[in-house]
Amino acid sequence: MRPGSWKVERQRDAALGEEIARATRPGFPTVLHCRRPGLLRKFALVGVDYGSVHQRFRLPGARGWTHSPAGVAHFLEHQLFEGPSANAFEFFSELGASANAYTDFNETAYHVQCVDRFGEAFAHLLRFVRAPHFTEASVAKERGVIAQEIRMYSDDADSVSAQNLLAALYAKHPVRIDIAGTVESIRRIRPETLYACYWGFYHPAHMAVVAVADLPWTRVLAVVEEAFAAPARNQPARWRRAIPERPVEPRRIARGSVQRKMPIAKPKALVGFKEGCLGLRAKSLVRSRIEMAFLGDLLFGSASSFYQQAYADGWIDEDFAFSYQETPDYGYSAMGGRTPSPSRLRERILAEIDRAVRDGIPVDDFERVRTKAVGEFLRVFHSPSALGQILASCHFAGASLFDYRDALWRIRPADLARRLASHFRPEASTMSILLPV
Amino acid sequence: MIWTRSGDFLQATLANGIRLHFAFAARFKTTLVAGYQRVPLDAAATLTALVPSVLRRGFRACPTELQFRRRLERMYGAAFDVSVHRFGANQVVEWQWEIPCERFLGASRVRRPRAPGGLLAQAFHLFGGLLTDPVLEGDGFRPEVVAQEKEKLATLIRSQADNKDRDAYEKCRRLMARGGAEGLSPYGRLEDLGAVTPESLYLHYRRWLSRSAFDLYVMGPVRAQEVLDAARASMTFARLGAAPEPPPRRARPPAARGPLRLRGRSPTRQGKICLGYAAAIDPVGPEAEALLVYSGVLGGYAHSKLFQNVREKAALAYSVGSAVDRSTSWIFVQAGVEPCNRDRATRLIRKEIEAMRRGVSPKEFDRTLAAIRQALRTLADLRTGRIEAHYEEQMLGRAFSRSRALARFARVRPGALERVARKVKWRAACYLGPDRA
């Protein structure tokens, strides 16, 4: 390895005693490393900037858009484990390593965790992700497995509730479609579909490799360099990443509410608000996400007057939660859980927002929530797998983990007051309702 | 009072019989405090399940839950949770606290609370107060709180069936228990709630606090003396009788009759299979580890028989696997399948279990042992895992240490799995699905 080929930056938090190194090099993925001395467990992840929302894209040199069936990114994640001669799990099993993968709306990630023989497991992880091999037989077989996965989630009330909310919020954006697609859409997936998406998106420049391991930085880089120095299996001669379409989504919500019956004991309601101001990236995006996390905690967290009163009155129970998601293309908040009356719960949520807009954000409450966030940040470093996934997610957002820490201190009550008024607009609100059969 | 060694923990017994377990964990930035209160699972289970949620709602230092939650947020987001579990024929209330360690908070720009003592001492003070000094009204708890928590527990009990995998498992488990306590729900019974009054619940709470076997685990970057001082200051409340000894271990032989079956109709997309097997094996006897390896080979990992044959080759399921309930040496096999494949999947699962009687391949055996070894070594970095392993072993009558556990697994030979397989008897089957029974 030629050390001078990598450009390395280090960020350190002296109080935490943690350092994160970041290395970049043309033609290679970005590499992130957090050493965590003394930890026996070692974790590695390779992430791709490609998720279920990247359905329409333009291939380099092509004129028109390619429209892939819903669920391709997830199907590709399953199929990549099938190698030409053996399933990738075979070698992980031999090592006793625990490997898995996940696909979400914006990213796909493959990861491995073990104590011993980590170097071999890490190298194998990068190797199989660079060796696509898709056949009619393996695709047909996996279709049956994924169909059962789709069925499994379609019986899960929380998954259905969340997906229905997205369908009510979004008219055009692919986030409204289930990550795994549907049993019907995956029938249209063929090996050539998978190859087109693989070569379109699994370009090293749009990948990140993360290692949370008590190993020298040079060893981590050596494994990455060996895996990516040679071309990928059957790599095209001129390989450029596909350009995903930026969907044009109306500002208004798609539907006033979505309702469905399921075999559950009590109704479930999820109230959502569609974010109107998008296009943020990097540190601005991180700051926006934290603003909403703070607001969610202040208004609807377990230490809020709303939560405690609604709990005592019987409108919610410990199932109630708030969440916020934002990317440059879409953003939404969601709050809810089990409730005897979805419409009444929505009324109370809107009333609480009105009250907060009227009364403002007390400084003491703001400082309390910030104090909590500062303490919670300590826990990020405890689990190598959780830390690895967070590092990858921050990277694809264009920021670093310490940008998040810094943003905690920069936010002011006035920021939350502004956001309270701009995000929680009644006309931007919709609802997903599940009723017992 | 002196510390003695109990497996991977130091142990001391407080004057009131509470067993304190401590392990120094330098790599973490928070201190984990886990309290376990165990009683036999019996007709009083509903009362026991209610007590923790009522206690959480207010005590002298924090008369309302709102005050309690806000106090925790000011303690840098100290986390608190309480849950109820079952282990064999035992009902266990688990308290979990996670307290930030001040030295990692750096030169905090946030105002520090003025309460005396460090955050750990404050958390212990709150814990002791929550347990021993509840807000009362007359001779019992506050009537409105008891009424609210009865309603919440009723919802929780009814909602257990919302998750169909869990519902199938619980129904199968009740069949396995043949009326024994192992089949009871740790949340009690709906029909018991009507008779609960604020006074009867308070009387039960007093008995439960005095008589429950109480173990308190602390792991973090703190000194043993600091933990001892905090526990002595806050947890040496009066308790009446000696803690009951753990129930005797027993390996009940399976009934001579054939398996009990239950087929239920549920308007879901997927059918849920749960098969229950009993093995007359002492959970801490000489064949205990062989039973765990057996289950691992059968359906514990990606290389296992069920994963490879039911999912990968036959594509009948996305989720399929087996797991051992250590308290009873019962094995549960679960799968989610297309309803039309119910019988085919069940036949295939039973065929794989039958095949285990003829032995396992060296590859299956070696890979399972490698995975178990890695998981045990990984425990060094997992506080919750270490605590749970130690507590579970203690309930079974011995002290857990990783090194001894690794040595026991290293002594398992392939032939032992064949002997275990001959002891594994099919005892129950449950199927829930949309198709007619």
Side-chain angles (χ1 to χ4, degrees), chain A residues 14-17 36 38-41 87 89-90 92-99 113-116 141-149 151-152 154-157 263-266 302-303 305 308 311-312 314 317-318 338 367-376 378-379 381-382 384 409 437, chain B residues 26-30 64-66 69-70 72-78 98 100-101 104-111 144 148 151-152 155-156 158-159 161-164 266-270 301-303 311-312 315-319 336-338 366-367 370-371 373-375 377-378 380-382:
Chain A
L16 288 173
R36 302 242 66 231
L39 220 61
L40 280 183
R41 265 191 306 170
N87 185 292
F89 279 116
E90 284 280 311
F92 286 130
S93 298
E94 208 176 293
L95 301 175
S98 171
Q113 182 164 254
C114 59
V115 173
D116 304 310
K141 188 274 295 179
E142 202 64 25
R143 205 176 280 131
V145 174
I146 293 175
Q148 289 313 306
E149 185 179 357
R151 295 255 193 258
M152 181 182 81
S154 70
D155 287 333
D156 179 82
I264 52 178
K266 198 167 184 175
S302 60
S305 300
Q308 291 297 327
Y311 183 95
D317 58 30
E318 66 278 358
R338 283 189 295 252
E367 290 296 343
R368 172 172 48 82
V369 165
R370 174 152 66 189
T371 302
K372 174 187 167 190
V374 167
E376 285 180 335
L378 300 186
R379 293 187 219 143
F381 292 91
H382 286 170
W409 297 110
V437 163
Chain B
R27 292 188 284 269
F28 295 91
K29 304 181 197 314
T30 63
T64 67
E65 188 172 2
L66 182 67
R69 293 286 176 188
R70 290 188 173 185
L72 293 173
E73 291 195 345
R74 289 190 199 98
M75 290 165 63
Y76 289 90
E98 189 172 0
C101 184
F104 296 108
L105 295 169
S108 174
R109 283 165 273 181
V110 181
R111 292 192 300 255
E144 69 276 14
Q148 289 160 15
E151 182 55 40
K152 302 285 188 267
T155 297
L156 184 63
R158 290 191 189 102
S159 299
D162 288 1
N163 178 315
K164 301 308 173 195
S266 177
T268 50
R269 300 271 165 93
Q270 209 181 42
Y301 303 97
H303 63 260
R311 170 172 160 156
E312 292 298 296
L316 292 175
Y318 166 75
S319 170
V337 300
E338 202 67 32
D366 291 342
R367 287 178 179 189
R373 197 164 38 239
Q374 291 272 323
R377 295 197 63 212
T378 294
D381 300 332
L382 286 170

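Every value quoted in this text rests on a predicted model; they were computed, and no experiment measured them.
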Flag side-chain contact, heavy atom, 4.5 Å: [X] against [Y]:
X: Val115(A); Y: Arg373(B); answer: no
X: His382(A); Y: Glu98(B); answer: yes
X: Val369(A); Y: Glu73(B); answer: yes
X: Arg70(B); Y: Arg368(A); answer: yes

Contacting moiety of [X], where chain A heavy atoms sit under 4.5 Å:
X: Ser319(B); value: side chain
X: Leu72(B); value: neither
X: Glu312(B); value: both
X: Ala317(B); value: backbone
X: Gln148(B); value: side chain
X: Asp381(B); value: both
X: Tyr301(B); value: neither

Heavy-atom proximity to chain B below 4.5 Å, by part of [X]:
X: Arg36(A); value: side chain
X: Phe92(A); value: neither
X: Gln308(A); value: side chain
X: Leu95(A); value: backbone
X: Glu318(A); value: side chain
X: Asp317(A); value: both
X: Ser98(A); value: neither
X: Ala157(A); value: neither

[atom1] of [X] to [atom2] of [Y]: how many Å apart, nearest 0.5 Å?
X: Thr378(B); Y: Asp116(A); atom1: OG1; atom2: CG; result: 8.5 Å
X: Lys372(A); Y: Arg69(B); atom1: NZ; atom2: CZ; result: 9.0 Å
X: Thr30(B); Y: Glu376(A); atom1: OG1; atom2: CD; result: 11.5 Å
X: Leu16(A); Y: Leu105(B); atom1: CG; atom2: CG; result: 8.5 Å

- Ion pair Arg151(A)/Glu338(B), N-O distance below 4.0 Å: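 A salt bridge is present here (some side-chain N lies under 4.0 Å from a carboxylate O).
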Measure across [X] and [Y] and return the closest heavy-atom pair with its distance rounded to 0.1 Å.
X: Gly314(A); Y: Lys152(B); answer: CA-NZ, 3.7 Å
X: Val145(A); Y: Tyr318(B); answer: O-CB, 3.5 Å
X: Gln270(B); Y: Asp155(A); answer: N-OD2, 2.9 Å
X: Ala15(A); Y: Phe104(B); answer: O-CD2, 3.5 Å
X: Pro263(A); Y: Lys164(B); answer: O-NZ, 3.2 Å

- Option that, when pairs with chain A are counted at under 4.5 Å, heavy atom only, ranks first among Ala380(B), Ser159(B), Pro100(B):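 Top option by heavy-atom pairs under 4.5 Å: Ser159(B).
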- Message: Only pairs of heavy atoms separated by less than 4.5 Å count here; which of Ala370(B), Cys101(B), Ala371(B) has the most with chain A?
- Response: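 Ranked by heavy-atom pairs under 4.5 Å with chain A, first place is Ala370(B).
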Of all of [options], which one pairs up most often with chain B through heavy atoms under 4.5 Å apart?
options: Phe89(A), Phe381(A), Tyr311(A); answer: Tyr311(A)
options: Ser302(A), Ala303(A), Pro384(A); answer: Ala303(A)
options: Ser93(A), Ser305(A), Ala97(A), Gly375(A); answer: Ser93(A)
options: Arg143(A), Glu142(A), Met152(A); answer: Met152(A)

- Task: Kindly indicate, with the supporting measurements, whether the criterion side chain to side chain contact (heavy atoms under 4.5 Å, CB included) is fulfilled by Gln113(A) and Gln374(B).
- Result: CA-CA 9 Å; Gln113(A) 182 164 254; Gln374(B) 291 272 323; over 6 Å; no
